[in-house]
Amino acid sequence: MPPQKRATRRSPTPPRVVFAEEETGSDDSSSTSGGEEEEEEEEEVVGGDAVTVGEDINGGKSIHEAPVSIKITRRVCKVCKGTGHEAGFRGATYIDCPKKPCFLCKLPGHTTMTCPHRVAMEHGVVPAPRRHSRTPLDYVFERQLRPEIPKIKPAFVVPDQVDCAIIKFHSRRITCLEFHPTKNNVVLSGDKIKILFDIPCFFLLDSKKGQLGIWDYGMLHEKIVYRSIHSCILNNMKFNPVNEDTLFTSSSDGTICCTDLETGIPSILMDLNPDGWHGPANWVMLYGMDTNIERGLVLVADNFGHLYLVDARTRMRSGQSILVHKKGTKVVGLHCNPVHPDLLLSCGNDHFARIWDLRRLEAGSCLESLAHGRVVNSAYFSPLTGTKILTTSQDNRIRVWDSIFGNLERPSREVVHSHDFNRHLTPFKAEWDPKDPSESLVVIGRYISENYNGVALHPIDFIDMSTGQLVAEVMESNITTISPVNKLHPRDDILATGSSRSIFIWRPKEASKPEEEQQGKRFKAFTCGKNEKKSKGKFDDESDDDFGDFIRNSKRSRALKSERKPTQAKQSKSRT
DNA sequence: ATATGATGATACC
DNA sequence: TGGTATCCCTCATA
């Protein structure tokens, strides 16, 4: 029906009517939530009196002579701009645009609501192919390493309850987390572990500084922030393997720093922008980093595809930089094999992960190139034997290669999992559980949300990569932000999560206590940074509120408010 | 309540 | 090959 007719019906003695048609993306679909279909077109009379579109309403000398303006807003899908449907949140449930490929598995024909991977993560997981060829190294592996691997797979321990948290610790999102390599053993309390993480800052050169935060979560209030280690976002950190009181960090300012954790005084190991800013084509940014204790090296990679080796002691570059990924593309990850020190794994924006031999390192000399559908966010050797490879790619798949000595043409398994790239989020990285003797348990945050009792939450997933099964999805109703950074403790059953600017420490639920008691348990949370701008240089005294101000303005409160029907407590979640 | 903005990969010319 | 328009479940703040 043409809109004119309906408009005329509304005003029997019509003044001059001007139509202003406007397409709205309806960003806030939660305000119209409730499940009832909205009318596709809405009409509203702008102002009570007659006005003309385009005329200055306020300046209106002629306000009484002006005709009525009717604004017609045609509701269009904000994703595809089509009509007849709308993408966005309805309460805590996200409705996908049906015209786009599935947001989870990227295949057309269905949405995430009906995607088979959403129901069962292991759907479509290809079993590991049987290997027909064996190399001498395979026999070495069987004889020397296999006996150390227990035959019976132990039950996975999942830290699924928040123990403590620092809210808004950093001024920008967290990019990485690291546990202290030994501190929990050295200190007698047995509880004294340090967490180091960093924050990015803006990419502007003389703007804010890359920060380094240290938190002793055994002593909840003890935390330090070092603010002037880098001038740009801090991308990576590694403890110095020969001196654990010092830490290496790499940054988009093009430097590697070695920082003394007691004093916070950094010393520059390498500076790739010694002459300052000469345009984006010349500014080097460092992303991937790892240490090689056997060779005394720090390895870093830049945004132009190059790898650099630096002698940690003499601070001299070891040889020239080597092109390890497509020229001009970012190398985002480096990992040295924990068992075979000469093997290096790199990954980058050219959609490849590559295995290198440090003894024969030159452009194009990689041992293997592992192809991916999109950018590879991370690539890690398995932590105990170093024989498996785990990668996270922006094509929403986690891949595992079961043996670096086998056929690497195809991954042994691919698991579809939602961890899309979003420029506002730290890229997701699937991380091994360093304590799992079977080297199959992996932790990674989830991008898409699930409706849990009327609250949209983004769980942290524990996946058994040997089967593709989702072992656990961990969430907390107060954490409504996405948690892209996750690290499992090397010795304890502890998970550290970086979500936006906050850090959470998770421990397993106590098996002896009843479930209800544990659910009701509140954890200690400390807020930081509320008044950070007012008192530069150090943190304010923290208030001991559990989560009060964290909940405010959160998606949770929005979801709860907009929920038209009363929340059905037993509804649990939409996923079955 | 709603608007705004920070900013990386990619597709396409 | 380079420049730019586009982006889809962000998040915090004004």
Side-chain angles (χ1 to χ4, degrees), chain A residues 24-32 77-82 85-104 106 111-113 115 118 167-168 170-175 200-204 207-208 232-233 235 252 280-281 285 287 303 326-330 332 348-351 372-377 393-396 418-428 445-452 455-459 479-484 498-502 527 529-533 549-559 561-562 574:
Chain A
T24 61
S26 73
D27 247 335
D28 187 16
S29 50
S30 63
S31 62
T32 61
C77 171
K78 65 178 175 185
V79 176
C80 75
K81 309 284 185 283
H85 66 276
E86 271 184 77
F89 272 108
R90 291 271 190 286
T93 305
Y94 191 88
I95 310 295
D96 290 272
C97 170
K99 299 274 167 67
K100 288 278 181 176
C102 172
F103 195 64
L104 175 53
K106 306 302 176 197
T111 65
T112 57
M113 207 63 88
C115 180
R118 185 151 183 168
I167 312 301
K168 300 178 188 170
H170 283 287
S171 55
R172 295 285 155 192
R173 67 182 192 216
I174 289 165
T175 56
C201 284
F202 279 37
F203 198 56
L204 301 173
S207 180
K208 304 176 186 177
C232 292
I233 173 170
N235 291 315
S252 287
M285 298 181 270
Y287 287 88
N303 55 328
K326 187 180 171 185
K327 193 180 175 190
T329 66
K330 189 159 79 177
V332 287
N349 279 18
D350 63 351
H351 303 193
H372 291 70
R374 289 217 178 202
V375 168
V376 190
N377 286 345
S393 171
Q394 287 175 15
D395 62 0
N396 263 5
S418 172
H419 49 260
D420 279 85
F421 172 78
N422 180 319
R423 67 196 136 156
H424 310 296
L425 299 174
T426 304
F428 290 84
R446 195 192 300 172
Y447 189 92
I448 56 172
S449 64
E450 204 75 55
N451 185 342
Y452 296 95
V455 185
L457 299 177
H458 308 266
I479 306 175
T480 54
T481 48
I482 293 176
S483 307
S499 192
S500 185
R501 298 155 48 189
S502 305
T527 43
K530 257 191 300 187
N531 308 308
E532 208 172 310
K533 279 175 194 161
D549 62 340
F550 185 61
I551 298 172
R552 236 165 278 137
N553 287 332
S554 70
K555 215 188 300 172
R556 176 171 190 257
S557 54
R558 262 191 287 142
K561 265 180 231 160
S562 65
S574 57

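Labels below follow one simple rule: chain letters A, B, ... track the order of the sequence lines, proteins then strands, and each chain is numbered from 1.
Among dC8(C), dA12(C), dT10(B), the nucleotide with an atom closest to any side-chain atom of R501(A) is dA12(C). Listed nucleotides dC8(C), dG8(B), dC11(C) differ in distance to L425(A); the shortest reach to its side chain belongs to dC11(C). Comparing dT10(B), dC11(C), dG8(B) against the side chain of T481(A) picks out dC11(C) as the nearest. Listed nucleotides dA12(C), dT10(B), dT10(C) differ in distance to R374(A); the shortest reach to its side chain belongs to dT10(B). Listed candidates were dG8(B), dC9(C), dC11(C). Nearest to the side chain of S500(A) is dC11(C).
Remark: the T175(A) side chain and the N235(A) side chain contain no N/O donor-acceptor pair separated by less than 3.5 Å.
Base pairing of dT7(B): no nucleotide in any strand meets the Watson-Crick or G-U wobble criterion (both distances under 3.5 Å).
Among the heavy atoms of the strands, none lies under 4.0 Å from D420(A). Residue-level contact check: S418(A) touches neither bases nor backbone, having no heavy atom under 4.0 Å from any strand. At a threshold of 4.0 angstrom between heavy atoms, the contacts of F103(A) include nucleobase atoms, whether or not backbone atoms are also involved.
Crowding of K106(A) atom NZ: a count of heavy atoms from other residues, nucleotides or ligands under 6.0 Å exceeding 12.
For the OP1/OP2 pair of dT10(B) and a distance below 4.0 Å, the side-chain nitrogens and oxygens of H351(A) include at least one atom meeting the criterion. Proximity of N349(A) to the phosphate of dA9(B): a side-chain N or O atom is located under 4.0 Å from OP1 or OP2.
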